[in-house]
Amino acid sequence: VIRCRAAVAWAVGKPLSLEEVEVAPPKAGEVRIKMVATGICHTDDCVLEGGFPNVDFPVILGHEGAGIVESVAEGVTSVKAGDKVIPLCIPHCGECSFCRNPESNYCQKCHLSEPQNLLPDKTSRFTCKGKQIHHFMWISTFAEYTVVPEYAVAKIDAAAPLDKVCLLGCGFSTGYGAAINAAKVKPGSTCAVFGLGGVGLSTVIGCKVAGASRIIAVDINKDKFAKAKELGATDCVNPKDFKKPIQDVLTDMTGHGVDYSFEVIGHADTMTAALASCNMNTGVCVMVGLVPSGSVISFDPLLLLSGRTWKGTVLGGWKAKDCIPKLVSSYLEKKFNSDLLITHTLPIAKVNEGFELLRAGKSIRSVLLF
Ligand code: COD
Ligand code: ZN
């Protein structure tokens, strides 16, 4: 058992508290990781605000980390002590029908509706003050040491800077893959990205790398525009500056609507606005944000009848165990610069400050260091 620091969420609506926790050794098929760095993603904040009623508290959140394997239990073959790794918020077992299908990445070991609050054997490896603490998405990266199933961790290049590539565990890969895999953005095309947080700005990067000639960035916080431009946006639009609906603004700007639109906010109304913003024949709208559980979207079916495609993606469509290491290699080859998304680097003790910066719209990504 290792005693170490972790940011524990004791209850909805309460700040995290930095505690000493006990982390039990990995059981068969599991890996214990020494976490080096972790990003703060909007989804962690949604859980803290009570947006995921099926997440059990107390819980150690965090799902965008990078670290070094401390030890492995029997049966583990793909990683060993000392390897640099990224824990996977979407597992990749390699055996289920979705893993075997080259077109899908949503492993059957994963249940978005039933978050991985305990490890697959239905027990926890974390305790604090005599209480069992829950896992989050099986990876709980807000702990100095965490235990994950082997199919929820990928070995990465030993040269990778962990304080930078942690973003590839969730936010960057999700947004970038939405453009590359889900939309399959073509060179010369026109794109619109709704929501310029860490994930949406990664979609902007993906559209740029795919060769889009026009990238329209949409956000109600104009402070996000400078960064969007730096990353490749050609136009920035604030819906608050217009009386007419944003889909009409985008249609006017482009003639018939964009080729690809992305909703990277997680609101029902911006989902339908993004759909209506892509052109009526071949337009593709990709849903990246997650609306609060129980939300219902109503929309005019004529929007789809004329040919539009409306689709969603998790973790940008990447088959995590194979693709995250390849994305790390692409990062090292400078195919994209995800470092530009990191606006703050803080010690883990300042985790609540990191959440405050996100809520205030002042940060893109804060990286916490252990
Ligand atoms: N119109 C335009 N922009 C808006 C609006 C609006 N009505 N409302 C908010 N925004 C902007 C905000 O100003 C902000 O800039 C941006 O939207 C949201 O950014 P962040 O930094 O709060 O959020 P991200 O980028 O960290 O995360 C966004 C997600 C959509 C990914 C997240 O909220 C979510 O829904 N996660 C679950 C879905 C998922 O796949 N997650 C990946 C695994 S966690
Ligand atoms: Zn995330």
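Below, all heavy atoms of this structure are taken into account, side chains as well, without hydrogens, waters or symmetry copies. Each ligand, and each atom within it, is numbered from 1 in the order the structure gives.
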S.K.: If I apply the N/O under 3.5 Å rule, does K224 come out as touching ligand 1?
M.R.: yes
S.K.: Check whether NZ of the Lys or CZ of the Arg K164 lies under 6.0 Å from the centre of the six-membered ring of Y331 and within 45 degrees of that ring's axis.
M.R.: no
S.K.: Using heavy atoms and a 4.0 Å limit, tell me yes or no: is E263 in contact with ligand 1?
M.R.: no
S.K.: Kindly give the cluster partners of L275, where membership spreads through any ILVMFWY side chain lying under 4.5 Å from a current member.
M.R.: M271, M287, V291, I297, F299, L303, L304, W310
S.K.: Go through it in stages, so that I can follow the logic: the residues are Y106 and L315, the test is side-chain contact (heavy atoms from CB on, under 4.5 Å), and I'd like the CA-CA distance, side-chain angles, deciding distance and then a yes or no.
M.R.: CA-CA 9 Å; Y106 191 49; L315 197 63; over 6 Å; no
S.K.: Enumerate the atoms of ligand 1 whose separation from the nearest heavy atom of L358 is less than 4.0 angstrom.
M.R.: 21 (O)
S.K.: Indicate yes or no: does E30 engage R125 in a salt bridge with an N to O separation below 4.0 Å.
M.R.: yes
S.K.: Please could you name the atoms of ligand 1 that T43 approaches to less than 4.0 Å, counting only its heavy atoms?
M.R.: 34 (C), 36 (N), 37 (C), 41 (N), 44 (S)
S.K.: Is there a polar contact between ligand 1 and T174, counting only N or O atoms under 3.5 Å apart?
M.R.: no
S.K.: Under 3.5 Å, is there a donor on one side chain and an acceptor on the other for T270 and E263?
M.R.: yes
S.K.: Using a plain distance cutoff, I'd like to know if G198 has any nitrogen or oxygen under 3.5 Å from a nitrogen or oxygen of ligand 1.
M.R.: yes
S.K.: Can you tell me which portion of V314 lies within the under-4.0 Å heavy-atom range of ligand 1? Options are side chain, backbone, both, or neither.
M.R.: neither
S.K.: Pick one of side chain, backbone, both or neither for how C170 approaches ligand 1, counting any non-hydrogen atom pair under 4.0 Å.
M.R.: side chain
S.K.: Can you list the atoms of ligand 1 that are under 4.0 Å from a heavy atom of T270?
M.R.: 1 (N), 6 (C), 7 (N)
S.K.: When you compare the side chains of D269 and T272, does any donor N or O come within less than 3.5 Å of an acceptor on the partner?
M.R.: no
S.K.: Is it the side chain (CB and beyond), the backbone, both or neither of L196 that lies under 4.0 Å from ligand 1, heavy atoms counted?
M.R.: backbone
S.K.: Without hydrogens or angle criteria, can the side chains of Q132 and T127 be said to hold a donor-acceptor pair below 3.5 Å?
M.R.: no
S.K.: So which of V288, D45, I246, T203 gets nearest to atom 40 (O) of ligand 1, if we judge by its closest heavy atom?
M.R.: V288
S.K.: Which atoms of ligand 1 have any heavy atom of G197 under 4.0 Å away?
M.R.: 15 (O), 16 (C), 19 (O), 20 (P), 21 (O), 25 (O)
S.K.: Heavy-atom pairs closer than 4.0 Å: do any link ligand 1 to the side chain of D269, the backbone, both, or neither?
M.R.: neither
S.K.: Any atoms of ligand 1 less than 4.0 Å from a non-hydrogen atom of G195? List them with their elements.
M.R.: 16 (C), 17 (O)
S.K.: Could you point out which residue of E22, E19, E144 forms a salt bridge (charged side-chain N to carboxylate O under 4.0 Å, His left out) with R3?
M.R.: E22
S.K.: Does any N or O of ligand 1 fall below 3.5 Å from an N or O anywhere on R365, backbone included?
M.R.: yes
S.K.: With respect to L290, determine whether any N or O atom, backbone or side chain, lies less than 3.5 Å from an N or O atom of ligand 1.
M.R.: yes
S.K.: Can you spot which of T43, T141, D44 makes a side chain to side chain donor-acceptor pair (under 3.5 Å) with H63?
M.R.: D44
S.K.: Answer yes or no: does atom NZ of K34 have more than 12 heavy-atom neighbours from other residues, nucleotides or ligands under 6.0 Å?
M.R.: yes
S.K.: For F57 together with H134, are the ring centres under 6.0 Å from each other?
M.R.: no
S.K.: Given I265, D219, N221, which has its nearest heavy atom closest to atom 12 (C) of ligand 1?
M.R.: D219
S.K.: With a cut-off of 4.0 Å, which atoms of ligand 1 are near a heavy atom of H267?
M.R.: 8 (N)
S.K.: K27: which residues meet the salt bridge (charged side-chain N to carboxylate O under 4.0 Å, His left out) condition with it, sequence neighbours left out?
M.R.: D121
S.K.: Check this for me - ligand 1, V264, N or O atoms closer than 3.5 angstrom, yes or no?
M.R.: no
